[in-house]
**Student:** 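Starting off with a structure, shown below.
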Amino acid sequence: MTENYVNGLSLEEKASLTSGSDFWHSQSVPGIESILLTDGPHGVRKQPEGGDALGLGHSIPATCFPPAVGLGSSWNLDLIRRVGEALGDEAKAEQVSVLLGPGINIKRSPLCGRNFEYVSEDPFLSGRVAAALITGIQSRGVGTSLKHFAANNQEHDRMRVSADVDERTLREIYLAGFEYAVKTAAPTTVMCSYNKINGVYSSQNHWLLTEVLREQWGFDGLVVSDWGAVNDRVAALAAGLDLEMPPTGTDTQIVDAVRGGDLDESVLTTAAERLSTLAQRTAAARTEGHTYDAERHHELARTAAAESAVLLANDGELLPLTPGGQTVAVIGEFACSPRYQGAGSSQVVPTKLDNALDAILDLEGADRVTFAPGFTFDGTPDDDMVTEAVDAARRADVAVLFLGLPSATESEGFDRTDIELPADQIALLEAVHGANPNTVVVLANGGVVSIASWKDHAAAILEGWLLGQAGGSAIADLLFGITNPSGRLTETIPLRLQDNPSYLHFPGSQQHVRYGEGLYVGYRYYDSALREVAYPFGFGLSYTTFDITDTSVEAGENSAEVTVTVRNSGDRSGSTVVQVYVHDASESIDRPEQELKGFAKVHLNPDESATVNITLDTRAFAYWSVAAQDWAIEPGDYEIRVGFSSRDIARTDTITLAGNVGVGTLDAMSTIGEWLAHPVGSAVLGAAMSAAAGEGAQSVSPEMMALAGSMPLGKVATFGLGITEEQVEQLVAAAAQPAS
């Protein structure tokens with residue numbers, strides 16, 4: 001029906017459908033409705049009628065859920081799906097057809113200014129979080145836009161820079177999360193990024209948008225540009241980009257290209273059909289009368305915030321505090337003026353906003369709490385404020401410092417230059433800790449901050465990230481044990497910025513950034529290089545303890561079923577995240593030490609045990625073979641490592657897989673080592689070597705074999721080492737025959 005209708009449109013009408021009608025709406029033609037697209041991976045940012053194009057801070061109030069930096073740290077896919085459902089309900093209430101999110105670009109460097117909007121340094125986790133959120137949102141008839149596709153890992157020069165990255169790294173690190181979300185959750189749209197990939201703009205990259213996304217992954221939705229990402233309308237449309245946003249008034253270029261024979265009209269027709277299909281898929285979002293329960297959504301945001309925070313340190317079990325059981329000095333302006341989201345296009349105007357100070361006062365009692373701001377957001381040292389804070393800490397049983405990054409230091413549009421807390425805040429912490437060793441630090445930051453230089457001045461550290469509008473009450477719940485911390489790190493916290501594998505390559509220069517670290521992003525590098533870190537990927541503490549008491553692994557046909565029994569060995573109810581990592585023990589292919597390939601969040605009462613089953617499919621063991629242009633599994637042994645972080649492995653099992661790598665062909669430039677490792681070539685070459693030995697040829701020493709192992713067979717003839725070019729040709733022909 002859609003195809004027949006679109007075929008009846010004029011050329012000009014079809015061209016108009018491929019660009020917006022204004023900053024936020026698609027175009028309409030008779031029979032195809034205009035749709036509203038709005039920002040908001042973690043909340044609906046709908047502009048009021050008559051507002052300016054961007055209108056940051058002036059959108060219609062909506063629930064501000066934790067941004068991806070927080071929500072991903074929950075590792076709770078069911079919770080994330082429920083947040084998605086709430087986002088869908090709110091979008092529907094505002095007649096928003098497409099919510100522009102989620103964003104799942106890899107956290108290649110902790111400096112990326114938009115890391116608060118992204119999930120992880122790991123594509124496996126990012127893809128699962130994205131799929132859960134998409135499933136929730138789209139269950140309400142609202143569309144999503146998976147972004148930013150692809151290799152958009154910095155803000156510096158983001159509209160021009162070329163991300164120069166090899167194909168295997170692209171497939172395994174920067175595309176894998178998108179692939180999983182596309183294949184399992186079917187987002188209605190995918191948003192292309194601003195940047196180039198290996199010299200070609202994403203918006204006009206046929207390989208990316210058509211060959212990979214549609215032909216290989218089976219995506220049947222619409223590709224929309226990031227706002228202002230299109231540089232050539234005709235090239236973008238031909239590459240597979242269906243909708244340019246916002247409109248640039250260049251529809252005539254499409255019309256002229258078709259009439260001039262430079263663009264096949266069928267390409268335009270297909271794009272117009274996708275616009276029509278998107279309008280049909282999201283029709284439910286444009287019906288009136290939908291409402292949502294703002295208070296219930298606020299409570300969901302509070303639950304999500306509590307599961308997103310990560311307890312990093314708790315020396316002497318200082319936490320949890322007892323409600324009404326001690327005097328508390330609350331220090332830091334963030335306690336009453338919270339940072340709860342990042343700056344830029346994702347800024348949401350919250351329906352309400354909790355702060356931690358009020359929540360602590362409610363739990364502890366006003367007579368037992370003192371407050372001192374301690375510092376200013378502009379970083380100007382203030383001795384009087386420090387003195388006030390130190391006096392408050394000295395008189396209290398416990399000092400709780402709310403520290404973090406001012407909003408001006410991290411935002412869409414620019415990257416950070418370091419990962420340090422402001423110097424005045426660190427000086428304040430040292431002074432407060434000197435007055436009261438029972439010092440707790442609560443952090444507010446969208447990107448990772450360095451902790452190593454000051455961690456000894458804090459008995460407990462709670463990484464609060466950016467937790468949305470209910471983060472203040474959630475923090476109080478965690479501090480006082482109303483909620484047990486269960487967040488886990490989705491990115492490694494390094495000791496120093498210089499330890500990060502992208503350090504020498506980020507953010508590039510002269511409009512190019514080289515992804516020189518290749519596959520070794522985040523923990524893949526730290527674990528492979530045995531690099532000491534402040535806190536490893538997957539780490540997080542609890543007010544109780546957990547043990548993995550049993551594991552079993554049943555190997556299938558290049559897959560495995562992992563069964564894990566986990567027990568709460570402490571005296572409080574709580575949740576933990578069982579994590580499964582895979583290590584390729586054969587080491588014949590360059591691979592990271594281990595990679596996350598499965599996880600499950602489990603809630604247990606004291607002394608309760610549970611058994612979880614985690615499936616490792618064929619992709620859990622595969623690498624991208626550039627030669628085969630497909631996923632390949634090496635035959636051999638694989639270690640299945642089960643634990644609570646990448647550095648806390650409790651059990652290891654080994655399985656043997658047959659693999660799916662076919663027998664490669666040999667030629668004159670195949671090395672001696674490759675010949676000897678080949679099932680046919682080894683026999684052929686071995687026979688030749690035996691025959692030569694029988695004719696009195698000099699025996700080959702181990703040292704000579706080590707030297708010759710990397711030498712192409714044909715070069716043996718070149719160097720006159722007892723074999724002729726004719727014999728090499730005979731050996732190649734013999735190796736091409738099937739094994740007997």
Side-chain angles (χ1 to χ4, degrees), residues 2-3 5-39 46-47 51-54 96-100 143-149 159 187-194 201-206 208-210 213-214 219 221-260 262-282 285-286 345:
T2 297
E3 181 179 353
Y5 179 78
V6 169
N7 282 333
L9 296 176
S10 69
L11 184 59
E12 288 76 10
E13 286 174 324
K14 286 189 283 189
S16 73
L17 287 173
T18 64
S19 68
S21 62
D22 60 25
F23 203 83
W24 297 113
H25 291 84
S26 69
Q27 186 61 268
S28 66
V29 297
I32 300 177
E33 293 182 291
S34 170
I35 65 172
L36 171 63
L37 307 91
T38 69
D39 282 319
K46 179 184 177 183
Q47 299 303 108
D52 64 275
L54 292 175
V96 171
S97 295
V98 176
L99 199 61
L100 299 175
T144 59
S145 196
L146 185 63
K147 65 182 187 179
H148 305 88
F149 192 59
M159 292 191 176
T188 51
T189 79
V190 167
M191 180 189 293
C192 82
S193 56
Y194 288 117
Y201 280 109
S202 295
S203 61
Q204 56 200 61
N205 194 316
H206 187 273
L208 182 74
L209 302 182
T210 295
L213 180 61
R214 295 195 184 280
F219 178 65
L222 175 138
V223 176
V224 59
S225 72
D226 201 344
W227 267 233
V230 174
N231 299 283
D232 184 322
R233 281 293 305 282
V234 175
L237 189 64
L241 187 131
D242 305 300
L243 176 61
E244 176 205 43
M245 291 297 290
T248 55
T250 54
D251 291 348
T252 55
Q253 293 180 7
I254 302 298
V255 174
D256 291 346
V258 172
R259 288 181 172 152
D262 296 321
L263 180 70
D264 195 309
E265 186 172 356
S266 64
V267 174
L268 174 60
T269 300
T270 297
E273 288 168 354
R274 290 171 183 152
L275 265 295
S276 178
T277 299
L278 178 62
Q280 292 178 27
R281 287 179 174 176
T282 60
R286 295 186 295 281
S345 62

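Positions are given from 1, in the same order as the sequence printed here. The analysis underlying the following values was restricted to heavy atoms, covering all of them including side chains, and did not include hydrogens, waters or symmetry mates.
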**Student:** Could you pull out the closest heavy-atom pair between Thr282 and Gly143, with the gap in Å?
**Tutor:**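 Smallest heavy-atom distance, with atoms named: CG2-N, 3.7 Å.
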**Student:** Determine, stepwise, if the pair Glu244 / Thr250 fulfils side-chain contact (heavy atoms from CB on, under 4.5 Å).
**Tutor:** CA-CA 10 Å; Glu244 176 205 43; Thr250 54; 4.2 Å; yes
**Student:** Could you measure the distance from the CG atom of Leu146 to the CZ atom of Phe219? Nearest 0.5 Å is fine.
**Tutor:**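 Spacing of CG (Leu146) from CZ (Phe219) equals 8.5 Å.
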**Student:** Between the side chain of Trp24 and the main-chain N/O of Pro246, is any donor-acceptor distance below 3.5 Å?
**Tutor:**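 No, the answer is negative, given that no donor and acceptor are paired below the 3.5 Å cut-off.
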**Student:** Is a side-chain donor-acceptor pair under 3.5 Å present for Thr188 with Arg281?
**Tutor:**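 Absent: no donor and acceptor within the cut-off.
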**Student:** Mind checking whether Asp256 and Leu263 have side chains closer than 4.5 Å, heavy atoms only?
**Tutor:**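 Of all side-chain heavy-atom pairs linking Leu263 with Asp256, none is under 4.5 Å.
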**Student:** Would you say Asp232 and Val234 make side-chain contact, with heavy atoms under 4.5 Å?
**Tutor:**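 Result yes, sub-4.5 Å side-chain heavy-atom pair found.
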**Student:** Passes side-chain contact (heavy atoms from CB on, under 4.5 Å), Val6 versus Leu275? Steps please.
**Tutor:** CA-CA 10 Å; Val6 169; Leu275 265 295; over 6 Å; no
**Student:** Indicate yes or no for a side-chain donor-acceptor contact from Arg286 to the backbone of Ala279 under 3.5 Å, with no hydrogens or angles considered.
**Tutor:**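 Such a contact is found between Arg286 side chain and Ala279 backbone.
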**Student:** If you define the side chain from C-beta out and look only at heavy atoms, does anything of His25 sit under 4.5 Å from Ile35?
**Tutor:**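 Side chain of His25 against side chain of Ile35, heavy atoms only: no contact under 4.5 Å found.
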**Student:** Would you name the heavy atoms of Ala239 and Asn205 that are closest together and state the gap between them?
**Tutor:**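 In this case the closest contact between Ala239 and Asn205 is CB-N, 3.7 Å.
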**Student:** Is the closest side-chain donor-acceptor distance between Thr277 and Glu273 under 3.5 Å?
**Tutor:**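 There is no such pair (donor and acceptor under 3.5 Å, judged by atom type) between the side chains of Thr277 and Glu273.
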**Student:** Flag the pair Leu268 / Thr18 as yes when at least one side-chain heavy-atom distance between them is below 4.5 Å, and no otherwise.
**Tutor:**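 Result yes, sub-4.5 Å side-chain heavy-atom pair found.
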**Student:** Can you confirm whether Ser16 sits close enough to Val29 that some side-chain heavy atom of one is under 4.5 Å from a side-chain heavy atom of the other?
**Tutor:**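 Sidechains of Val29 and Ser16: in contact.
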**Student:** Would you sort out whether Leu17 and Arg274 count as a side-chain contact (heavy atoms from CB on, under 4.5 Å), showing the intermediate values?
**Tutor:** CA-CA 10 Å; Leu17 287 173; Arg274 290 171 183 152; over 6 Å; no
**Student:** Okay, side chain of Tyr194, backbone of Tyr201: is any donor-acceptor separation there less than 3.5 Å?
**Tutor:**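 No, Tyr194 side chain to Tyr201 backbone: no donor-acceptor pair under 3.5 Å.
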**Student:** Are any of the side-chain nitrogens in Arg259 or Glu12 under 4.0 Å away from the carboxylate oxygens of its partner?
**Tutor:**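 Between Glu12 and Arg259 there is a salt bridge, with a charged N closer than 4.0 Å to a carboxylate O.
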**Student:** Using a 3.5 Å distance criterion without hydrogens, assess whether the side chain of Ser34 forms a donor-acceptor pair with backbone atoms of Ser26.
**Tutor:**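 It does hold such a pair.
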**Student:** Can you tell if the side chain of Leu243 reaches within under 4.5 Å of the side chain of Leu222, non-hydrogen atoms only?
**Tutor:**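 Yes - at least one pair of side-chain heavy atoms lies under 4.5 Å apart.
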**Student:** Would you compute the distance between atom CG of Asp22 and atom CD of Gln27 and round it to the nearest 0.5 angstrom?
**Tutor:**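 The distance works out to 9.0 Å.
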**Student:** Would you indicate whether the side-chain heavy atoms of Met245 and Ser225 approach each other to under 4.5 Å?
**Tutor:**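 Yes, at least one pair of side-chain atoms sits under 4.5 Å.
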**Student:** Can you see which heavy atom on Ser145 is nearest to which on Val190, and at what distance?
**Tutor:**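 Smallest heavy-atom distance, with atoms named: OG-C, 4.0 Å.
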**Student:** Taking the side chain from Ser10 and the backbone from Glu13, do they hold a donor-acceptor pair closer than 3.5 Å?
**Tutor:**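 Yes; judged by distance alone, with no hydrogens or angles, the pair exists.
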**Student:** Mind listing the closest non-hydrogen atom pair of Trp227 and Phe23 along with its distance?
**Tutor:**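 Scanning both residues, the minimum pair turns out to be NE1-O, 2.7 Å.
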**Student:** Is any side-chain heavy atom of Ser203 closer than 4.5 Å to one of Asn231?
**Tutor:**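 Result yes, sub-4.5 Å side-chain heavy-atom pair found.
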**Student:** Between atom OG of Ser202 and atom CG of Asp226, what is the distance when rounded to the nearest 0.5 Å?
**Tutor:**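 One gets 10.0 Å once the value is rounded to the nearest 0.5 Å.
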**Student:** How close do Ala238 and Val267 get, counting heavy atoms only, and between which atoms?
**Tutor:**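 Shortest heavy-atom contact: CA-CG1, 4.2 Å.
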**Student:** Do you know the tightest heavy-atom contact between Ala229 and Cys192?
**Tutor:**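 Heavy atoms of Ala229 and Cys192 come nearest at CB-SG, 4.2 Å.
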**Student:** Examine distances only and state if a side-chain atom of Arg214 and a backbone atom of Gly221 form a donor-acceptor pair shorter than 3.5 Å.
**Tutor:**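 Side chain of Arg214 to backbone of Gly221, a donor-acceptor pair under 3.5 Å: yes, one is there.
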**Student:** Which of these, Thr269, Asp264, Thr270, sits in a side-chain hydrogen bond (donor to acceptor under 3.5 Å, both in side chains) with Ser266?
**Tutor:**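 Among Thr269, Asp264, Thr270, the one that satisfies the side-chain hydrogen bond (donor to acceptor under 3.5 Å, both in side chains) with Ser266 is Asp264.
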**Student:** Roughly how far, to the nearest 0.5 Å, is CD of Gln204 from CG of Leu209?
**Tutor:**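 Spacing of CG (Leu209) from CD (Gln204) equals 9.5 Å.
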**Student:** Hey, could you give me the CD1/CG distance between Ile254 and Leu237, rounded to the nearest 0.5 Å?
**Tutor:**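 One finds 4.5 Å between CD1 of Ile254 and CG of Leu237.
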**Student:** Ignoring hydrogens and angles, tell me if any N or O in the side chain of Thr189 forms a donor-acceptor pair with the backbone of Thr144 under 3.5 Å.
**Tutor:**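 Side chain of Thr189 to backbone of Thr144: a pair is present.
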**Student:** How many angstroms lie between atom CD1 of Ile32 and atom NZ of Lys14, to the nearest 0.5 angstrom?
**Tutor:**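 Taking CD1 in Ile32 and NZ in Lys14, the distance rounds to 11.0 Å.
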**Student:** Any donor and acceptor pair, going by atom type alone, linking the side chain of Lys46 with main-chain N or O of Thr38 inside 3.5 Å?
**Tutor:**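 Absent.
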